[in-house]
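Everything on this sheet refers to the single structure shown next.
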Amino acid sequence: MVDQTQGNGVNGPFVSGRGRGPEAGRSDGAGRGGGDSGRGMREGVSGVARHVLELSSLQSQLTATDLREAWGKASIPLACLGTAVTLGLASLPVVLFGAGLWLATAWDMSEATGLLLVAGGVVIAAAVCGGVALRKLRTAVSVLERSKSELIENVTSIRDTLARRDVD
């Protein structure tokens, strides 16, 4: 052991700066009966928490920048999509009215009866689609509750750790 600078006889040789043994690289005396190892641990955890919070802040800034860029690229396609949806919805009453008139002519009934049958069918279809959509939406959104509660727990834990460090 050419690099050996001291040995404590309990945990084996202490090699300065090499990372061997429990006290390797320690200059504060902690681990050899001196210093406050609990304080060092709290400072280490506090430092990690600060880095995690800084990283989270940087990540949110990056996300905001990406969203601004995406909005800039998506604004024209979204406007076209909005126009298409608007035109499609505007033509829907005409299509339904035409279907009601055709139904009345094809089945030899009054125009009012044909229009009411088409309207009733559309209301039933809308109710079924709405019910299915609400059920699926509740299921989809409930998944976010796990993330929300986990985030609250993590932030609370980090905040409490930092608060304990400030008190000590």
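Since the structure is predicted, the reported quantities are computational estimates derived from the model, not experimental observations. Residues take their numbers from the sequence shown, with the count starting at 1.
In this view, Leu117 and Leu103, Met109, Thr113 satisfy the side chain to side chain contact (heavy atoms under 4.5 Å, CB included) rule, not counting sequence neighbours.
Here the CG-OG1 distance, from Leu81 to Thr86, works out to 9.0 Å after rounding to the nearest 0.5 Å. Annotation: the span from Glu153 atom CD to Thr156 atom OG1 amounts to 8.0 Å, rounded to 0.5 Å. The line from CG of Asn154 to OG of Ser149 is 9.5 Å long, rounded to the nearest 0.5 Å. How far CD1 of Ile152 is from OG of Ser157: 13.5 Å, rounded to the nearest 0.5 Å. Once rounded to the nearest 0.5 Å, the distance linking CH2 of Trp102 with CH2 of Trp107 reads 7.0 Å.
Linking ILVMFWY side-chain heavy atoms closer than 4.5 Å, directly or via other members, places Leu92 and Val122 in a single hydrophobic cluster. Val155 and Val52 fall into different hydrophobic clusters, defined by Ile, Leu, Val, Met, Phe, Trp and Tyr side-chain heavy atoms under 4.5 Å apart, directly or through other members. Under a hydrophobic clustering in which Ile, Leu, Val, Met, Phe, Trp and Tyr are joined whenever their side-chain heavy atoms come within less than 4.5 Å, directly or via other members, Val118 and Val95 fall into different clusters.
The shortest non-hydrogen separation linking Ala104 to Ser110 is CB-O, 3.4 Å. Of all the heavy atoms in Leu115 and Gly100, the pair that sits closest is CD2-CA, 3.8 Å. Of all heavy-atom pairs spanning Lys73 and Pro77, the tightest one is O-CD, 3.5 Å.
The existence of a salt bridge linking Glu54 and Arg50 is excluded, since no basic side-chain nitrogen approaches an acidic carboxylate oxygen closer than 4.0 Å.
Residues Trp71 and Leu78 are in side-chain contact: their nearest non-hydrogen atoms beyond the backbone lie under 4.5 Å apart.
Shown here is Ile76, whose CD1 atom has no more than 12 heavy atoms of other residues, nucleotides or ligands within 6.0 Å.
With hydrogens and angles ignored, the 3.5 Å screen pairs a side-chain donor or acceptor of Thr63 with a backbone N or O of Gln59.
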